[in-house]
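What follows is a short report on a single structure.
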Amino acid sequence: IIPVHTIFDSCPEDIGIRAMAITHDAKYLATISDAEIQKVCIWKWTLAVETPACTLDLPKEYGFQNYLIFNPANNKELVSNSKTQAIYYTWVKGGILVHSAPLLTEKTFNKLVGKFSQSVFHLNLTQILSATMEGKLVVWDIYCPPPSAPSSMGFPHIKPCKLVHLQKEGITVLTTVDSYIVTGDIRGNIKFYDHTLSIVNWYSHFKLSSIRFLSFSKTPAAPPTENTNYPPDCTLKGDPFVVRNFIIGTSDASVYHLTVDGTKLEKLFVEPRDAICAISCHPYLPLIAIGSFCGMIKVWDYELKKYLFSRVFEKGLGVQSLTYNPEGALLGAGFTEGTVYILDAMSLESAISEPFRYSRSSVTHISFSHDSQYMATADVSFTVAVYVVRVKHRRRVWEYLARLRSHRKSIRSVLFGVHLDSNEPRLLSLGTDRLLIEYNLLKSYKDHLAVLDVHQTDQGNYPTCMVWYPPLTKELFLLICNSGYKVKLFNSTTKMCR
């Protein structure tokens, strides 16, 4: 993607953009900032200018406007809405942006209106429709003074006309296409209405999550023939329901493509719907594994920017930590409720018969030894657990070895190293209790994790992370950062600060 034009400092306060829209002829761009006092800006982005053509500051009582759209037939008109207020904008002579925002309460129609979700211009272009989470539509009439009228008669404005109880389900998406008004709701239904708000057709059998967006193809639908298989509409005639193909986005971060001819629903991809807090790079391939709280692990090729494969775990398993082993054949995954999986790095299939469930809380760190004979984890209960590879029936099998609540506060790093004299793995952990602990793996056995030594790294500050310093000298160092913005070198044998 090559940018055509970049607008720098569109928000001088560095507060970001809350919503934006572009006209159908792509000449004008509208933005709404994310500040406490939101600013609406209209940009003539095709010109070499860095300032908006007009601006408007919105009062706080309007609520955060989070949706914005132009009138498809008039570049001078826009509508936006927050959960409580719909606003109609008109760009008048002199580069002035005026607005109309009538207050709507339950007394307006003597009925519950509900929270607004989205607003669009009606197909007749003289009205505005605002959908609510109560399954209703607020119809607004647009009043425009005649061109010959004096300025004292005011600017174009809107008034609430009527409240239509369209459906039982809360409406999350409202848009228009061709001769239809289209809604998506919290039950995953997609419904089409004509200009009189009479239902024409609907899709309710796909069992989708709440609809978040609908995007229709730019290519008009092909007219029905003997070879097409359009579904019938819900009129008495049962005429073929002809509409453009469209993209569906749902609240579970899934994206679908619906081919109306034949009613073919295809899942295009699934993205994490919750926070991402686990990332691990493959040791030698251009692969990156990403884990989300929703229980999804996705693997990407970061050179080709290409998604490769993924796995979604059962409900309740949120990915908290990920680590590849040194050979890149395995991927360790720690979850929010304490489960630990060892996965095949190239398929994400389980490399162990049953996941380990020895931690009682979220597993925050995973580390493999240099020879992949050991794996260690740390959880939010200040506990370090160690797993080891055994050979049984000529097969390498991962087994639980031991766990120890070795820290009094949260663990910030779990790190494997190598004993220089024996090439045996060594294990260290670092916590915000200022303790650097080394474990004795050779003297550890089932349910007993032996401690070799304990050292205090700081006095007032607490450590935040730890890594091995590159082996540039014969002396081996640990690099430790602390909350006082200091970086310290510790001799890995004596644990003395250098």
Side-chain angles (χ1 to χ4, degrees), residues 7 10-13 15-47 49 51-104 108 113 115-132 137-147 149 151-161 174-176 181:
I7 300 174
S10 61
C11 296
E13 301 86 1
I15 32 72
I17 299 295
R18 183 83 171 195
M20 63 188 304
I22 193 167
T23 57
H24 279 230
D25 59 9
K27 289 184 178 181
Y28 301 99
L29 182 73
T31 61
I32 298 182
S33 68
D34 202 21
E36 187 175 3
I37 303 297
Q38 288 184 290
K39 178 176 287 187
V40 183
C41 299
I42 307 295
W43 305 81
K44 294 181 179 180
W45 71 271
T46 58
L47 304 180
V49 294
T51 56
C54 58
T55 62
L56 173 67
D57 291 337
L58 300 178
K60 288 193 295 185
E61 54 265 25
Y62 286 173
F64 276 110
Q65 303 292 307
N66 49 33
Y67 184 77
L68 179 67
I69 190 172
F70 276 98
N71 186 336
N74 187 351
N75 292 347
K76 305 295 184 180
E77 293 183 332
L78 304 92
V79 64
S80 73
N81 68 260
S82 64
K83 292 183 179 180
T84 57
Q85 187 84 52
I87 306 177
Y88 167 71
Y89 309 87
T90 310
W91 189 7
V92 298
K93 292 181 180 179
I96 300 173
L97 189 63
V98 297
H99 73 287
S100 171
L103 182 62
L104 198 63
T108 306
V113 176
K115 302 294 184 183
F116 291 126
S117 54
Q118 290 187 357
S119 300
V120 296
F121 286 89
H122 194 289
L123 297 171
N124 61 26
L125 304 178
T126 61
Q127 292 179 321
I128 291 173
L129 304 175
S130 296
T132 77
L137 282 185
V138 178
V139 182
W140 309 83
D141 281 332
I142 302 175
Y143 291 92
C144 297
S151 58
S152 59
M153 292 189 63
F155 298 106
H157 59 282
I158 58 173
K159 290 183 179 179
C161 172
L174 178 66
T175 187
T176 59
I181 298 165

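The basis for the numbers below is simple: all heavy atoms, side chains too, and nothing from hydrogens, waters or symmetry mates. Heads up: numbering here begins at 1 and tracks the sequence. All values reported here derive from a predicted model rather than from experimental measurement.
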Mind listing the closest non-hydrogen atom pair of [X] and [Y] along with its distance?
X	Y	value
Thr31	Trp43	OG1-NE1, 3.1 Å
Asp141	Gln127	OD1-NE2, 2.8 Å
Pro156	Thr90	CB-OG1, 3.7 Å
Val120	Thr175	CG1-CA, 3.9 Å
Ala35	Phe64	O-CE2, 3.2 Å
Glu77	Ile142	OE2-CG2, 4.5 Å

Measuring from [X]:[atom1] to [Y]:[atom2], what's the distance to the nearest 0.5 Å?
X	Y	atom1	atom2	result
Ile69	Ile22	CD1	CD1	12.5 Å
Thr46	Lys27	OG1	NZ	8.0 Å
Leu103	Gln85	CG	CD	6.0 Å
Tyr89	Leu78	OH	CG	8.0 Å
Thr84	Lys115	OG1	NZ	6.0 Å
Phe70	Ser80	CZ	OG	11.5 Å

request  = Please determine which of Leu123, Thr176, Val139 meets the side chain to side chain contact (heavy atoms under 4.5 Å, CB included) test together with Leu129.
outcome  =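 Of Leu123, Thr176, Val139, side chain to side chain contact (heavy atoms under 4.5 Å, CB included) with Leu129 is met by Val139 alone.
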
message = Using the rule side chain to side chain contact (heavy atoms under 4.5 Å, CB included), only one of Ile128, Val79, Ile87 pairs with Ile158; which is it?
response =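 It is Ile128; the other options fail the test.
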
Any heavy-atom pair between the side chains of [Y] and [X] that's under 4.5 Å?
X	Y	value
Pro102	Trp140	yes
Gln65	Arg18	no
Tyr67	Phe116	no
Leu125	Asn71	yes
Ile42	Leu56	no
Leu174	Leu137	yes

Do any N or O atoms from the side chain of [X] and from the backbone of [Y] form a donor-acceptor pair under 3.5 angstrom?
X	Y	value
Trp45	Ala26	yes
His99	Leu97	no
Gln118	Leu68	no
Gln38	Leu58	no

query = Going by atom types only, do Asn81 and Ser130 share a side-chain donor-acceptor pair under 3.5 Å?
reply =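 No, no side-chain donor-acceptor pair sits under 3.5 Å.
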
inquiry  = Checking side-chain polar atoms at under 3.5 Å, does Tyr62 have a donor or acceptor matched by the opposite partner on Ser82?
reply    =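 No, no side-chain donor-acceptor pair sits under 3.5 Å.
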
request  = Answer yes or no on whether Lys159 is positioned over the face of Tyr88, meaning its NZ or CZ is under 6.0 Å from the six-membered ring centre and within 45° of the axis.
outcome  =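 Relative to the ring axis of Tyr88, which defines the angle, Lys159 lies outside at least one limit.
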
ask   = Do other residues, nucleotides or ligands put more than 12 heavy atoms under 6.0 Å from the CD atom of Glu61?
value =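 Yes, the 6.0 Å shell around CD holds more than 12 heavy atoms from other groups.
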
